[in-house]
Amino acid sequence: PAGCVEGEVLPHAVWEVIKSSKQWGDGHHSYHQIVTCDGQMYYQGVPADPRSHNKKNLAQVKKSLQATFGPIYDYSEPPPTFYTFDRGYATFPSNLRCGTKPPKNKKEPPRVFLSTMVPVMGFRGVMLSQFIKHYKGYGLQGPNMLFTLHITKNSTVEVINSIIAMLEEEGVYYDTYVGDWSSEALMYHQAHKLLACTTASDWIIVADADEFHAYPSANVPKFLAGIEKQGFNAVKGVFIDRLHTKGRLVPIREGIPMQKQFPVGCRLHNSFQH
């Protein structure tokens with residue numbers, strides 16, 4: 001970028017809050033370090049378009065990925081938008097390293113990670129406290145909660161500070177994505193995070209901050225250990241919209257579980273026009 005001061009990448013006050021806690025070095029989470037930003041901002045260049053490669057090269061890529069992640073991994077060529085969308089930049093303000101220690105043996109439950117991206121100025125930020133408590137209630141640990149905060153020039157220092165204070169109090173890992181919002185950017189940065197923090201033997205819950213998964217067990221790691229013993233490596237659910245008893249949305253109240261605030265389950269999104 002042109003620089004890291006007011007009016008160039010971010011307002012100076014915002015930059016001071018979200019800049020990396022230290023120089024993690026080039027290659028951290030597979031990002032390139034930007035020297036002009038005091039070494040505290042990172043980016044990932046646009047990869048070469050594999051459509052220009054021959055089938056032999058693509059087969060080698062697939063074989064290499066399967067050797068790392070297992071035979072179920074299926075490499076497919078990304079859509080054309082993958083090579084044109086804005087990847088933005090990343091910073092790593094948290095001093096907490098992602099991930100708890102992996103289990104010592106197969107008798108211990110597997111590690112379970114939660115991955116999410118949160119627009120700090122959106123409605124999801126208001127739900128974060130409830131979101132964290134919900135998944136901790138299912139047995140997830142703070143370092144295994146992987147949050148990426150979406151930052152723009154319109155993000156305010158007050159809101160960012162309040163969210164970061166909450167994450168640090170809860171012992172939750174977080175980094176930031178600075179740039180325009182898009183589904184491609186969301187998936188791209190979460191992929192970097194997951195490849196850096198998880199292994200092929202871990203389970204990953206992918207949930208937006210307004211998605212409160214419900215499980216048949218109060219302990220998700222033990223539940224997924226049972227699924228694993230049955231020979232499965234994925235669990236699929238369904239979306240249920242939740243409303244107030246009067247059939248509408250109402251302001252969120254702290255300290256009351258979301259299911260109690262919005263007890264009516266329905267399939268409202270089926271009525272939306274896409």
Side-chain angles (χ1 to χ4, degrees), residues 1-24 28-29 31 33-34 36-43 86-99 113-137 140-182 185-186 189-190 192-193 196-197 207-212 251-256 258:
C4 299
V5 296
E6 187 172 357
E8 293 181 336
V9 173
L10 288 172
H12 183 74
V14 171
W15 166 246
E16 286 298 318
V17 172
I18 63 101
K19 67 183 181 181
S20 299
S21 57
K22 64 180 181 180
Q23 293 191 20
W24 294 98
H28 184 63
H29 285 205
Y31 288 96
Q33 190 176 29
I34 299 176
T36 57
C37 300
D38 298 327
Q40 298 185 53
M41 184 173 272
Y42 297 77
Y43 81 104
D86 177 20
R87 285 165 174 74
Y89 304 96
T91 68
F92 301 92
S94 177
N95 286 307
L96 184 69
R97 288 191 175 273
C98 59
F113 287 82
L114 170 67
S115 180
T116 190
M117 182 181 280
V118 183
V120 297
M121 299 306 293
F123 68 92
R124 291 187 177 96
V126 180
M127 309 172 81
L128 274 189
S129 177
Q130 292 270 14
F131 185 73
I132 294 169
K133 287 181 173 61
H134 177 80
Y135 285 98
K136 278 192 171 183
L140 272 68
Q141 300 181 58
N144 293 349
M145 294 184 174
L146 311 180
F147 283 55
T148 294
L149 306 182
H150 177 219
I151 308 291
T152 70
K153 286 186 176 182
N154 297 321
S155 302
T156 66
V157 173
E158 293 77 14
V159 173
I160 297 172
N161 273 331
S162 66
I163 290 177
I164 287 178
M166 181 198 308
L167 297 178
E168 291 184 346
E169 183 179 351
E170 294 286 352
V172 171
Y173 170 85
Y174 66 95
D175 51 35
T176 79
Y177 159 61
V178 182
D180 295 330
W181 175 270
S182 70
L186 183 153
H189 285 277
Q190 289 199 99
H192 271 74
K193 185 171 54 180
C197 300
D208 291 342
D210 60 344
E211 295 175 356
F212 291 65
I252 297 170
R253 292 173 291 169
E254 281 293 332
I256 303 176
M258 297 296 284

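Remember, it's a predicted structure, so these values are computed and weren't measured experimentally. Heavy atoms only: backbone and side chains are in, while hydrogens, waters and symmetry mates are out.
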TODO: May I have the step-by-step check of side-chain contact (heavy atoms from CB on, under 4.5 Å) for Glu170 and Met145, ending in yes or no?
DONE: CA-CA 10 Å; Glu170 294 286 352; Met145 294 184 174; over 6 Å; no
Tightest non-hydrogen contact, residues Ala185 and Ser182, listed as N-OG, 3.0 Å
Distance-only, no hydrogens or angles: does the Gln130 side chain make a donor-acceptor pair with backbone N or O of Ile256 under 3.5 Å?
-> yes
Applying salt bridge (Lys or Arg N to Asp or Glu O under 4.0 Å) to Asp180 and not counting sequence neighbours gives none
Rounded to the nearest 0.5 Å, the CG atom of Asp175 sits from the CH2 atom of Trp24 at a distance of 10.5 Å
Verdict with reasoning, Leu167 to Ile132, per side-chain contact (heavy atoms from CB on, under 4.5 Å): CA-CA 9 Å; Leu167 297 178; Ile132 294 169; 3.7 Å; yes
Taking every heavy atom of Gly171 against every heavy atom of Leu96, the minimum-distance pair comes out as O-CD2, 3.2 Å
His29 and Cys197 have their tightest heavy-atom pair at CE1-SG, 3.9 Å
Between Val120 and Val159 the two heavy atoms that sit nearest each other are O-CG1, 3.2 Å
Between the OG1 atom in Thr176 and the CZ atom in Phe92, the distance rounded to the nearest 0.5 Å is 8.0 Å
Using only atom types and a distance under 3.5 Å, with no angle test, would you say the side chain of Trp181 pairs donor to acceptor with the backbone of Pro119?
no
Val118 and Ala209 have their tightest heavy-atom pair at CG2-CB, 4.2 Å
Assess the residue pair Ile252 and Met258 against the criterion (side-chain contact (heavy atoms from CB on, under 4.5 Å)); give the C-alpha distance rounded to whole Å, side-chain angles, the decisive distance to 0.1 Å, and a yes or no.
CA-CA 8 Å; Ile252 297 170; Met258 297 296 284; 4.1 Å; yes
Should the ring pair Tyr135 and Phe131 be called parallel, tilted or perpendicular, given that the plane angle runs from 0 to 90° and is split at 30 and 60? perpendicular
Taken to the nearest 0.5 Å, the spacing of Leu140 CG from His134 NE2 works out to 9.5 Å
- Are the side chains of Ile18 and Leu149 in touch, meaning some heavy atoms are under 4.5 Å apart? no
Parallel, tilted or perpendicular for His150 and Tyr177, by the 30°/60° rule? parallel
Salt bridge (Lys or Arg N to Asp or Glu O under 4.0 Å) filter on Glu211, not counting sequence neighbours, yields none
Of all heavy-atom pairs linking Ser21 and Ser94, the shortest is OG-O, 3.5 Å
Whether the side chain of Lys193 engages the backbone of Cys98 through a donor-acceptor N/O pair (distance < 3.5 Å, no angle test) should be reported.
no
Check your understanding: Are the side chain of Thr152 and the backbone of Asn154 linked by a donor-acceptor contact shorter than 3.5 Å?
Key -> yes
Which of Leu128, Val172, Asn161 passes side chain to side chain contact (heavy atoms under 4.5 Å, CB included) with Met166? It is Leu128
The ring-ring contact (aromatic ring centres under 6.0 Å, His included) partners of Tyr174 (sequence neighbours excluded) come to none
CG (Asn144) and OG (Ser115) are apart, to the nearest 0.5 Å, by 11.5 Å
Discussion item. Whether the side chain of Thr116 engages the backbone of Ala207 through a donor-acceptor N/O pair (distance < 3.5 Å, no angle test) should be reported.
Written reply: yes
